[in-house]
Amino acid sequence: MGGMLAAGLTAGGPAFGAGQDPALPQRGGRIRVAGMSSSTADTLDPAKGALSTDYARHYMFYSGLTRYRADLSAEPALAETLESDDRILWRAVLRTGVTFHDGKPLSPQDVVYSLMRHQDPATASKVRTIADQFRRVTVSGSNEVTIELTGPNADLPAILADSHFLIVQDGTADFRQAIGTGPYRCTSFQPGIATIAARNENYWVEGRPYLDGIELLGIPDEVSRVNALLSGDVHLVNAVNPRSARRIEASLGHRVLETKSGLYTNLIMRQDALPTRDPDFVLAMKFLFNRELVRRTLYRNYATIANDQPIPPGSPYYLADLPQRPYDPDRAGFHLRKAGLAGARLPVYASPAADGSVDMASMLQEFAAQAGLHLAVNRVPADGYWSTHWMKHPLGFGNTNPRPTADMLFSLFYKSDAPWNESGWRNEQFDQLLLAARGERDEARRRQMYGDMQVLVHDHCGVGIPVFISSLDGYDQRLKGLGSIPIGGLMGYSFAEHVWWEG
Amino acid sequence: MTPTVPLREESMLKPASTAASRVRHWLSGLPTSGRVGLALVVLWLVLGAAGPLLAPYDVGAFVSPEVFDSMSAQHWLGSDYLGRDVLSRLLSGAQYTVGLALASALLASATGAGLALTATVCPRWVDEVISRFMDTLISIPSKVFALVLVAAFGSSLTLLLLIAAATYTPGAFRIARALAINLNQMDYVQVAYARGEGRLYIAAAEIMPNMIHPVLADFGLRFVFIVLLLSGLSFLGLGVQPPNADLGSLVRENISGLGDGALAILAPAMAIATLTIGVNLLIDALPGRGRRITGGR
Amino acid sequence: MAHGSPRNRSGIAAAGRLILRRLGSALLTLLLVSLVVFTISALLPGDAAEETLGQSATPEAVAALRHQMGLDQPAHLRYVRWLGGMIKGDPGQSLVANMPVGQVIAGRLPNSLTLAGLTAAVAIPLALAIGILSALYRDTGLDRALNLMTLGMVAVPEFLVATIAVLVFSVTLRWLPSITVVREGIGWAEMLRGYAMPVMTLACVTVAQMARMTRAAVIDQLSRPYVEMALLKGLSPSRVVLVHVLPNAVAPIVNAMALSLSYLLGGAVIVETIFNYPGIASLMVNAVTSRDMPLLQACAMIFCVAYLLLMLAADVCAILANPRLRGQ
C-alpha cells in the first residue's frame, strides 16, 4: 500500500495546533497581513514563488492536489485520492465540481499543464530539479491524472502540497492575473506594493474561507513590520525577530505564535578546499559552536538546540539517541592542533541573507580565538549572496528552509550529486542509504536508515548546525484559528483559508 | 533700488597672522557655544584615537549573561543585544566613525578644492568637463551608489572611505569653485596674471590662501554629513566588519532595545549627536561665520 | 514689485538664454550618468537571471532565462539598444517585473513626488522662517535656541528619528499610522495622517541645512550699507527684509534649497523603507538587488533630470529675483 490519503477532510473546525477556539468560526471581516518581502519580483506565478510573501499569496489564490497537515504529512485537496502501488506510478482522482475563479471547471488537463510546465526552461521554475522526476503526467480519465516518476518516491503527496506545485489553468503563461481554485480571488495586484484578495464564494471547501477580504503587504524592515502590528495597522505579521517577541507579548491584544520548524542557519566547511576539508578542522568548528549562547542571546530561546544534522526533533525520523555535541573549547583546541591549525588565520563569510549568520560568525570568532584560531568575519551584503558567496568560500554560512520530508532535505542538500550539497561532501554510504530508504516499505527499517544517515552527517559532513530556528508570527488577538504548519510561518503560508476575525 | 555689492569674503582679505597668536586670539574670542563645541570635538578626537586602549573589555567578548542590561559597576553602559559590553563597543566604534569621517572629509575637501582651483585657472572647457563630471556624481543617490559599490567590491574600510569621499566631493567642489571664481576676478589675481605668473602659482599662492578659511569651515560640515551618511549606510547593512562596528551600526544593531530605552542604543545615539553638534558649534564660532557660502550634500 | 516691465523682460530673456545653454550640458550629463550606471552595474556580481532564480539557479536554467531576458547578448550591444530606445522615449522592458519600465515607474514616481512636494511645502517655509528669525535676532538667545534645535534635528540618524516617531505616535499614542499606504480614493484627512511622519522625518533632515544657509545669506546682506540706508529712510525692518534683503540673498538660498530638495527624491530610501512607502528610491535599490538594468537606468535618469531641473530652477529664480546676475 504505498499510497496515502484515506482520511477525508474535516468539515469546518481548525485541525491545527495553538489558538484553537471552541467557538464556531465567524464569517466576515477584512484583515491586513504583512510579510517580510516586497519587490518588483513579486509574482502571481506559483512556479516562480521565491519568498514567503509569494507563497502566502499563492496559497490565497490557488489550491494544490494535496495540502499539509500540522505534522507535514499530506492530506487530500484537489485530488480526492492519490495512490500508488510501486511509488513510481501514481494515480490521482480529482475532486469534482471545482471551478476556477473565472467559472471554468477544473479539468485533468489543468493538472497535467501545472505539473509539466516546471520542466520548461521558459517557466523559470524554482522547483525544476524536483519536477525533473516527473517522467510523464497524463490524463487517464475524465477526472483522473496519472503521474509517472523516474524512480520510486513515497513522498510525492507531500511534494505536491508545496506552493510551487499549486494548480493553474491549462495554458496560462501570462500571470498578470491569478485565476486559480483557491479560497480568495485576486482583485488587485501591484508587485512591490500590495495584493488585495476577496473571498471566493465558490470555494471547494464548504463554508470556507471565513474572511471577506485580505490585503497582503510586504514590509521588509522587521522593526517597521512589528510596529505596524502593534499600532494596529496590520493584524498578522511573520518573521518576527526573537528580540521583538517580548514587545509583542507585552502589548495588550497581541500574541506571538512560535512554530518550531526545521529552519536552520549552518556553517559550511567546503570539502574541496584546504584547510576546511581536514576532518579535525570540521570537528573543531563543530565543538566551537556555543549552541546554548546562540539559543539564549541570539534567539531568546525561540530555537531548539541542534546537533549538526538537519532533521529537526519534530520529524518522525528524528534520531533522538544521537549524543548531543557540546561546546568544548578544549577538544576544539585539540583538533585544531592535530590539524596543525593552531594560531592560523581564516576568513569566514556571513551575510544578513542567511538569518543570524553575522552574529553566529561573531560568536564563533570569539570562541575560536580562545581555542587559538583567528577567524576574520567577512560580512557581505544580502544582495547577491546566494549567487556570489554561498558555497563559494572554504568557510561560510548557508540557510535552509524547512522541507516537508527527510528525503527531500537529504536529496537536495546532502546527496553527493545534490545541487545544493553545500559542503561538497561525498559519502557513498550516505547516498546508498538515501536511495534505499526511498523504496523501503518496512517502516522500522526505513527509520533505521534515516537514523544512520543522521549519524553520518553529524560525524563527517562539513556542515555545522547550531540550532533550529523557530518561526515567529505576531498576530492581533481578534484573529482566530491561526495555528502551526512547520513548513514556515503564517501557518505554513496557508493562513488565509484557516483564519477568521472576531472584531 | 537694490545696490550692487559684489559678494566677497571680508576675512579673506585680512593679512595672515602667525599661527600661535591666531590660536590664542581665536580661543579667547570663542563664544561659550564655540568652547563647548571645541571641548566636544577634542573629547571625541581623543576617544577616537585612544578608545580601544581605554575599553574595559574586548570588543567582541560576550561578557554579560543578560542582554540589554542596564548600568552596573562591571558594565558602565550596560550590555548590548548579544550581551557584549556597550562601553567597550562604543569606544571602539568612535575610532571608526571619527577616523573614517575625518579621512573622507579630508579627501573630499582636498579633492573638491583642488578640482575647483583647476577649473578656475584652466581654460573654460576644463571647467565644463569637471563640472559635468561632478553633476554626474552628485545626481546618483549616495546610498544606492554605496550599495552598488559594496555589492561589487565587498565591504572594506578603504571602500567606505572612498564612497563617502566621492559622495561629498561634488558639494565641496561647488563651494570651492564659487569662492575661487570670485577670487579669480579680484584685482590682485588679475595683476598676477598680467605679471605673467603661471597658473599653478596663481592657484597655489594667490587664490588658495584666501579661500582656506571657508574651505576649512566647509570641511567641518562635510565631516558631519559623512558621520550621518555612515550611520545611514549602517541602516542598509553596510559598514565596518563585525565584531567591530561604527557608531551608526551600534545604533542600528541595537534598535530592538529602543522600546525599553536600552542604553545600548541611547549611548551611541548620544555619541553621534554630541559629535555632530560639537563640530557644528565649533564651525559656527569660527570667525567670518556669517559669510560662508555652503551647499548641501 | 519695484521692478518695471522692461527689467522683467530682460530677466526672462536671460533665463531663456540660460535654459538653452543648460539643455546641451544636461544631455551630456545624462549620457555620462547612464554610462557610469552602466559601468558600475556591469561590475556587480550576478545578473538578473541568476538573481531571479536565486538558490535554485542551475546553469541550464540560468542560460534559458538569460536568453529570454536578452542577457545573452554582449553588454555594449544591450547598452546601445537601450540608448536607442531612450532616444525614442522608450525606457524598455523591466527584466524582473514582467512589464514595461514606464509602467513600473508610473506606479511609483507620483508617490515620490507627492512625498517630496509635501516635505518641501513644510520644510521651505519653516527653514525660511527659522533662518530669517535667527538672522534678525543673531547672537541672541533665540538665535542660539533655534541653532541648537536645527542642529539637534540632523544630529540623530534619520532611521532613529523615524523609529522613535513611530513608537511614540503610532504604537503608544495610536494617533498616526505606522506605515503609509497609498490608495485610490483616500480622503484628505487620512492622507495627511499617513504622510505626517515621513514628511516630518525628511523635514528634519533638510530643514537644518536650508535654515543655516538662509541665516548666513540674510546676515551677509544685513551688514551691507544699503540696509542701513533703508532703515534710516524709515522703512520698517520687516519690509526691508522682504523687499530688499531677500531678493539679494536669494541666490545662495535657492541653491541650498535645490540641493536639499534633490535629496528628497533619491535620499528618501530610509524613510521609504521604514514607512513601507512605495517610492522611487526604494525602487532603485530594488532594481540593484534584482539586477534589473533597464529599471535601474530609468531610476538614475529620473534622479539626474530632477537634480538638473532643480539646479536650473534655482538659477532661474536667482536671475529673476536679482537683476544684477542677468548679465552673466
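In what follows, every chain begins at residue 1, and chains take the letters A, B, ... in the order their sequences are listed.
Heavy atoms closer than 4.5 Å to chain A are found in the side chain of C/V166, but not in its backbone. Residue C/L173: no heavy atom, backbone or side chain, is found under 4.5 Å from chain A. Contacts of A/L217 with chain C are made by side-chain atoms alone, with heavy-atom separations under 4.5 Å and no backbone atom involved. In this structure, chain A has a heavy atom under 4.5 Å from the side chain of C/V181, while its backbone stays farther away. Both the backbone and the side chain of C/I179 come within less than 4.5 Å of a heavy atom in chain A. Proximity to chain A is limited to the side chain of C/L295, based on heavy atoms less than 4.5 angstrom apart.
The local environment of CE in C/M153 is crowded, with over 12 non-hydrogen atoms from other residues, nucleotides or ligands closer than 6.0 Å.
Among residues two or more places apart in sequence or in another chain, the side chain to side chain contact (heavy atoms under 4.5 Å, CB included) test is passed with C/I302 by C/I105, C/L109, C/I280. Judged as a ring-ring contact (aromatic ring centres under 6.0 Å, His included), and not counting sequence neighbours, the contacts of A/F134 are A/F165. In terms of the side chain to side chain contact (heavy atoms under 4.5 Å, CB included) criterion, residue partners of C/A64 (sequence neighbours excluded) are, by chain and number, A/P121.
Ranking A/V234, A/L229, A/I193 against chain C, the residue ahead of the rest is A/I193, based on heavy-atom pairs under 4.5 Å. Between chain C and the options A/P220, A/A382, A/A122, the largest number of non-hydrogen pairs under 4.5 Å is found for A/A122. Taking chain A as the reference chain and counting heavy-atom pairs below 4.5 Å, the highest number among C/A49, C/A63, C/A97 is found for C/A97. Here A/G218 is the residue among A/A50, A/G218, A/P419 with the most heavy-atom pairs under 4.5 Å with chain C. Highest contact tally toward chain C, considering only A/I219, A/V127, A/L412, is held by A/I219 [criterion: heavy-atom pairs under 4.5 Å]. Here C/V171 is the residue among C/V171, C/V96, C/L283 with the most heavy-atom pairs under 4.5 Å with chain A.
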For chain A and chain C, what donor-acceptor pairs lie under 3.5 Å, backbone included?
from: A/T40; atom 1: N; to: C/N286; atom 2: OD1; distance (Å): 2.8
from: A/T40; atom 1: OG1; to: C/N286; atom 2: OD1; distance (Å): 3.3
from: A/K126; atom 1: NZ; to: C/T52; atom 2: O; distance (Å): 2.6
from: A/K126; atom 1: NZ; to: C/L53; atom 2: O; distance (Å): 2.9
from: A/E215; atom 1: OE1; to: C/R183; atom 2: NH2; distance (Å): 3.0
from: A/E215; atom 1: OE2; to: C/R183; atom 2: NH2; distance (Å): 3.3
from: A/G218; atom 1: O; to: C/N276; atom 2: ND2; distance (Å): 2.9
from: A/S224; atom 1: OG; to: C/I274; atom 2: O; distance (Å): 2.8
from: A/L230; atom 1: O; to: C/R174; atom 2: NH2; distance (Å): 2.6
from: A/S231; atom 1: OG; to: C/S178; atom 2: OG; distance (Å): 3.1
from: A/D233; atom 1: OD2; to: C/S178; atom 2: N; distance (Å): 2.5
from: A/D233; atom 1: OD2; to: C/S178; atom 2: OG; distance (Å): 2.8
from: A/D383; atom 1: OD1; to: C/R291; atom 2: NH1; distance (Å): 2.9
from: A/D383; atom 1: OD1; to: C/R291; atom 2: NH2; distance (Å): 3.1
from: A/D383; atom 1: OD2; to: C/R291; atom 2: NH1; distance (Å): 3.3
from: A/S387; atom 1: OG; to: C/E51; atom 2: OE2; distance (Å): 2.8
from: A/W420; atom 1: NE1; to: C/Q55; atom 2: O; distance (Å): 2.5

